[in-house]
Amino acid sequence: MSDMTNDMKTGTIPELGESYEVLFRKTQPVSASETYPGFNPSTHILPAGSVHREGGMPLPVDILFEQDVAVTLRDGTTIYVDVYRPTDQQDCPAIISWSPFGKKGSWLSLDRFENRMDVPTQWEDGLNKFEGPVPGYWVQYGYAIVNVDGRGVFKSEGDIPFFGLQDAEDETDVIAWIAEQPWSNGNVGACGNSGFAISQWNICQYNPPQLKAIAPWEGIRDWYRDTIVRGGIPNQEFFNGMLANLYGDNYAEDIVAMVEPAPLFDAYWNTKVPDVSKSRIPAYIVASWTNVLHTQGTFSAWEDYGCAEKWLRVHNRHEWVDFFNPVNSDDLRRFFDYYLKEEDNGWKETPRVRLTVLDPGHEDILYRPETTFPLARQKFVPLYLDAAHGRLTAKCAKHCAAKEYMPDEEGTVFKYTFTEDTEIAGHIKLKAWMEAASFDDMDVFAFISKLDVNQNEVLPEPVTNRYHQGANGRLRASMRKLDTAKSRPEKPFHTFDTVEKLKPGEIVPLEIDIWPYAMKWHKGETLQLRINGVNLIIQPEFPDLPPVGTINQGNHIIHTGGKFDSHLLIPVTQGVIK
């Protein structure tokens, strides 16, 4: 590794070898953590009834707590784990809790998130990692919880990898260590939100034999396409904040900074796309339609997941309140009891897909049993853009028309009013013939929403004071090149490896991938398509973050009708488009 500044250095990652320089940033010093309890290798009994977070769940049973247990990885690096397990039971299955956020003392400490996203404090016991399983809940049912400070996190040695091969090898070593412990029955599971889910996509492709089941609860899969350079438009602010608040004595791989030396999709970014099709590990996968970070990646992983023993549950709330809800913990425990305890509890009779359909202004349809997703009965129907009238129609207009708009938040809208109750569920694509009035590039954003019978926009149910705009997509025009082998009519797949600037007056087709969605419109309600040049999504859920920066200069022009078959392709599962 070579030094750049005191805060940055270059290094390597195993997949790319010595010839590819990767950027690392200095982590926050452990001494800067306000809540780190200190390094204390020891064993304690945490008594039943004790409370470890103000207002938190009292421990239902005595817990044997082994703190800062050293684990040596294959290359000699020492990392530290906390183990919570029953005091009087051997032969325990274990759940590994793996993320870079710290088993204790993280900036994302529970104390900073009282009633976060409607999660009642009593649903957590203060022993769990941020977004990880609650030890008090699981230990009472005979499980061990192993909270891990991976490589470089807090007092663990080394530099923090950003998932990828190094992280997977390290987790494989810890899973093997867990299975060898005298208290273990040899079976290990994994679960958790966000970073925990991402780590599960990462590890599952390597199929460690002791890892018998996973439960990823909403997680990015493709770091370039899902978030950081989604649609070819850099969006680094959220993850810059996350990386800036990792604690340790060394450095962390800086995926955010890598956008500068690697703005196109290359070998580096490919290391951040786990091949989940290789997994042979049973999975309980949880998703939602409105997660600004994880919706795209979770459904992508579900569709490509290699193990036939997989289940999907789609909810209508925020990931945290769904994960920590005791009802859902009980449901997850049935899954783990089946695969980690080998109990014949009927889990396999659970519907393979439990689908929620959003219905703003009415009651959402919750957990409708389905056999697969996308649904086999979906029928893809084009709604053609009509620039002359600002509408969506079932037939392409005979005559060409154009709509010029300022690429601000308002942009321009196209509407279709349903003549009967209609449901869509699946992938959505916008194909728009576009022109930049006075520039050689443009960033185009698209949003799907519902208008009630009075033409008022109705959004999915808010979570506390935060709301979601719903299904959306984006694309930088110069990054429009498609991988035709991987693209489907309803789901374009862009290579993001080529820049094709626009010529003056050039009109090009942009195929914009709008993430999967399920929503019902009632007779007289309207589907609204908004096309603009500004991101509307991140601000509602993360109001402190600045908007996504764009390259837009001058107005945009949409061409429709005649030879310009601009259309919105929707997956209709109920109703008829006329």
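In this structure, the ring-ring contact (aromatic ring centres under 6.0 Å, His included) partners of W217, at least two apart in sequence or on a different chain, are Y284, F323. Residues satisfying the ring-ring contact (aromatic ring centres under 6.0 Å, His included) test with W138, not counting sequence neighbours, are Y143, F336.
Contact check for Q236 versus V259: side-chain heavy atoms found under the 4.5 Å cut-off.
In summary, the aromatic rings of F163 and W98 are positioned with their centroids too far apart to meet the 6.0 Å limit. For W311 and W347, the ring centers are positioned less than 6.0 Å apart.
For the salt bridge (Lys or Arg N to Asp or Glu O under 4.0 Å) with R151, the qualifying choice from D170, D249, D159, D173 is D170, the only one to do so. Just one of F265, W269, F239 meets the ring pair (Phe, Tyr, Trp, His ring centres under 6.0 Å) condition when paired with W223; it is F239.
Between R230 and D222 there is no salt bridge, since none of the side-chain N atoms of the basic residue sits less than 4.0 Å from a carboxylate O of the acidic one. Between D337 and R334 no salt bridge is recorded (no basic side-chain N to carboxylate O distance below 4.0 Å). A salt bridge does not link K104 with D149: none of the charged nitrogens is closer than 4.0 Å to a carboxylate oxygen. Comment: D82 does not engage K129 in a salt bridge, judged by the lack of any side-chain N to carboxylate O separation of less than 4.0 angstrom.
In this structure, T356 contributes its side chain and V314 its backbone to a donor-acceptor pair below 3.5 Å. Judged by distance alone, the side chain of D513 and the main-chain N or O of R474 form no donor-acceptor pair under 3.5 Å. Using modelled atom types, one side-chain atom of N202 and one backbone atom of G164 make a donor-acceptor pair closer than 3.5 Å.
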Stepwise, does the ring pair (Phe, Tyr, Trp, His ring centres under 6.0 Å) test hold for Y224 with F496? CA-CA 9 Å; Y224 191 101; F496 295 122; 5.6 Å; yes
Apply ring pair (Phe, Tyr, Trp, His ring centres under 6.0 Å) to W289 and F299, showing your working. CA-CA 9 Å; W289 307 117; F299 282 100; 4.8 Å; yes
Donor-acceptor list for residues 36-48 side chains, cut-off 3.5 Å, not counting sequence neighbours:
residue, atom, partner, partner atom, Å
N40, ND2, S42, OG, 3.3
S42, OG, N40, O, 2.9
S42, OG, H44, NE2, 2.7

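To the nearest 0.5 angstrom, D167 atom CG is 8.0 Å from I203 atom CD1. We find the CG-OH distance between N128 and Y84 to be 8.5 Å, quoted to the nearest 0.5 Å.
The number of heavy-atom neighbours closer than 6.0 Å to NZ of K26, taken from other residues, nucleotides and ligands shown, is above 12. Remark: E343 CD is packed, more than 12 non-hydrogen atoms of other residues, nucleotides or ligands lying under 6.0 Å away.
Between the side chains of N193 and E218, no donor-acceptor pair is found at a separation under 3.5 Å.
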